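Written out below as structure tokens is the structure these notes cover.
The figures here come from the full heavy-atom set of this structure, side chains too, leaving out hydrogens, waters and symmetry mates. This one's a predicted model, so the numbers in the text were calculated from it and none came from an experiment.
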Amino acid sequence: MQIASLENALMLGAPHYKLFGRAAVIYLDNPPVNAITAVARARLKILVERFAARKGVDAIVLTGAGPEFSSGTDISRSSEKGDFCGLPELITTIKASAVPIVAALDGRAIGEALSIALACHSRVATPSVQLAFPEVTWGLVPAGAAALHLSELAGFQCALEMIVGGKSISGNAAHALGLVDELVSSRETLVDQAIRVGTDRSSRPSKSPTEKSRQDIIEDFKQSFPASLKTTAGKLAMEYVLGTQSASLEESIAIESRHNEKLVSEAETIALLHASRVEIATELPQSRSGSGAISLPKRVAVVGFGFMGRGIAISFATAGVKVWVHDQAGDRLTEGLEAVVASLKSMVRRGRISQEQAENARNNIIATNDMDALGEADLVVEAVSEDLELKKTIFAKLDSICSDHATLVTNTSSLDIDEIAAATGRPKNIAGMHFFSPAHLLKLVEIIPGKETAEEIIEQLRGVSKHIGKIGVVVGNQFAFVANKLLAGYQREALFLLEEGALPEQVDRVLQEFGFAMGPFVMNDMAGNDVSYHVRQAASYPAGMRYPHVADRIYEAGRYGQKTNKGWYRYEPGQREAHPDVDVAALIESTSSQLGFKRRNISDDEILQRCLLPVVNDAAWLLGDGIARSSGDIDAIWMNGLGFPRRKGGPMFWADHLGPKWVYERLIEFREEHGPVLWEPAPLLAFLAKSGMRFADVR
């Protein structure tokens, strides 16, 4: 590529620079997250070479334009073999520079961007910057000599945890490990401090991490990150880290290139890259009003401090946001705060947050039983029980006490947003924000606009979701929205399979072998079979629609799940391990007999298809009706809220892999066998089957 063309490439996201005295500051500039492209690498290499050879330049600073250093590789191109083209040459150029190069880090430095930062001579960072290598979650290993530099700077254990385990660390932690040389309290002074570090010729003491034996570190790692070696990429990432411990820069780059050439054509990698792409797409602005800076709330309030309210409060508090929590029942506030402390302790124990983060999060939560105290909140999240009249009463009260600019959202899982908004005089500022349970652990949030919700409010809520570490997916205002609507078909067919001949342990095994963390019956026992019973009683069923009687028999037997130590399975007191129960098998068989079914052997393939094809078909109906915006959104919803395995890419990606024509023909077979009420193919699916297009082609 010609230099002249690169000089004109700013509109393509190429870096630019400014001179400050005897320092050159190079800015990664590719909004909104400064993703790195081949053009950016080439431009950055040229600029480093230019300033390293230029008289009068004593330091080079590499930083990000805007609030982030860089989110790393632009993975929209990561399925191509040349997706890291030019990175080895860039890393070699940075390492060879006689002029000190300092990386100034804020926001996020992810993947390839972190590799570039580690190749620099020094690093300064804000305490809150997030550093991570997510490549294993894409089905790849990091490029740019990441393992070599991590091991040199912070030791073998750090390299294992970040590269194989995918661990993300803050600027504070990176400084303690030796990855960051200096911390800078404010972004405003970040570049100035980086220039000072680059021009300071005094030697800096190097940190030599004291470590256990390599084998002990590996054994400890396997205990702490048990899922990390289950994928092909995880296994090769381990080989990569081990292989670079005594390697040169050139050898390290050769090892990672060899591994990625193998991985890039793996079906698992293709699915994982798709999963990451659709998740990233949920963060990108979807409207013209979302193209500017998003104003994040400084004060958040949560109304209702039960199980969901506590999880929502923790989500904001661990992200550094002050949260006022309200509940009319004073004892629920007391119980809730105790439960928050217990949850934070569990998060520390599992390595999700540090002890310091837990203490700060607890201090960020302020309890009150006076609703008027919420009047200064910028964002209020209502999280009371699923009672429309109660919610309308609360929103009317909030409307009277909150400022005109405040955004009011409901955590409803199914109710009409417009009905709730009608209780206020500010329908433009009302929306749904459906967190998934437990809210402090699951990443999915469905964002539901009403008819009059302003676009800037939706963009704000998407930004809020990202800020608290969630995947915010915008869906249409229809009963049960998208996730629960699609989950209904999955659970319904699992129950019907029991009536026809299967047992809970067989259905759960098939879904777990496919990749779900748990099957539908273990999941129901966790959620409570009494809860699902009341949901069924409140639902309406069209004429001719089959009803899952076996689930009612479980409820009537008092088998509510883990809370009663018996549900679809038997549980020892205080334990969560599910044990098949002969009483359940007998109850299922008697129900089958009462319903007139002759029990039969059901294959694993039929179980998988009966459970997942209704999800695909119902999703096609929602896409056709505009309730879901894209098949990628549906994949993001199922992977982040309902447990669909990432290595399969989501239900719509899975369906595209099978082929819409095959899916359509299988649905026709099930329709002939079970009737049209639940198995009529969606018009969109019929169109795709006929045209040869895929769900991914639907825009």
Are [X] and [Y] side-chain neighbours, meaning at least one heavy-atom pair lies under 4.5 Å?
X	Y	value
Glu251	Ser246	no
Val124	Leu190	yes
Val57	Arg54	yes
Leu344	His440	no
Val141	Ile163	no
Arg22	Thr199	no
Arg214	Gln245	yes
Ser70	Arg108	no

Gln130/Ser170 under side-chain hydrogen bond (donor to acceptor under 3.5 Å, both in side chains): CA gap, chis, key distance, verdict: CA-CA 5 Å; Gln130 291 299 305; Ser170 67; 5.2 Å; no
Exam field: side chain [X] to backbone [Y], donor-acceptor pair closer than 3.5 Å:
X	Y	answer
Thr318	Ser315	yes
Thr37	Ala40	yes
Lys167	Phe133	no
Glu152	His149	no
Asp29	Asn34	no
Asp635	Met652	yes
Thr189	Ser185	no
Arg123	Ala117	yes
Asp697	Arg694	yes
Arg187	Asp106	no

Salt bridge or not between [X] and [Y]? Use side-chain N to carboxylate O under 4.0 Å.
X	Y	answer
Glu68	Lys466	yes
Glu459	Arg462	yes
Glu239	Lys235	no
Arg41	Glu112	yes

Would Leu249 and Leu148 count as a side chain to side chain contact (heavy atoms under 4.5 Å, CB included) here? Give the steps. CA-CA 7 Å; Leu249 176 64; Leu148 174 69; 4.2 Å; yes
Kindly indicate, with the supporting measurements, whether the criterion side chain to side chain contact (heavy atoms under 4.5 Å, CB included) is fulfilled by Ile447 and Ser465. CA-CA 9 Å; Ile447 299 169; Ser465 299; 3.7 Å; yes
From CA spacing to verdict: side-chain hydrogen bond (donor to acceptor under 3.5 Å, both in side chains), Asp216, Ser213: CA-CA 5 Å; Asp216 284 344; Ser213 72; 3.1 Å; yes
Picking from Thr282, Leu444, Val278, what satisfies side chain to side chain contact (heavy atoms under 4.5 Å, CB included) with Ile637? Leu444
Greater than 12 external heavy atoms within 6.0 Å of Glu356's CD: no
Counting heavy atoms not belonging to His467, are there more than 12 under 6.0 Å from its NE2? yes
Check: Phe69 ring centre within less than 6.0 Å of Tyr27 ring centre: no
For the aromatic rings, using the six-membered ring if either is Trp, is the centroid distance between Phe51 and Tyr17 under 6.0 Å? yes
Trace of the side chain to side chain contact (heavy atoms under 4.5 Å, CB included) decision for Val164 with Phe225: CA-CA 9 Å; Val164 187; Phe225 298 85; over 6 Å; no
For Lys443, give me all partners under side-chain contact (heavy atoms from CB on, under 4.5 Å), at least two apart in sequence or on another chain. Ile471, Asn640
Apply side-chain contact (heavy atoms from CB on, under 4.5 Å) to Thr244 and list each qualifying residue two or more places apart in sequence or on a separate chain. Ala147, Tyr240, Ser252, Ile255
Step-by-step salt bridge (Lys or Arg N to Asp or Glu O under 4.0 Å) determination, Glu268 to Arg646: CA-CA 9 Å; Glu268 186 174 87; Arg646 289 179 59 83; over 6 Å; no
For Gln223 and Glu219, which I'm curious about, is there any donor-acceptor pair between the side chains at under 3.5 Å? no
Is it the case that Lys648 places NZ or CZ above or below the six-membered ring of Phe514, under 6.0 angstrom from the centre and within 45 degrees of the axis? yes
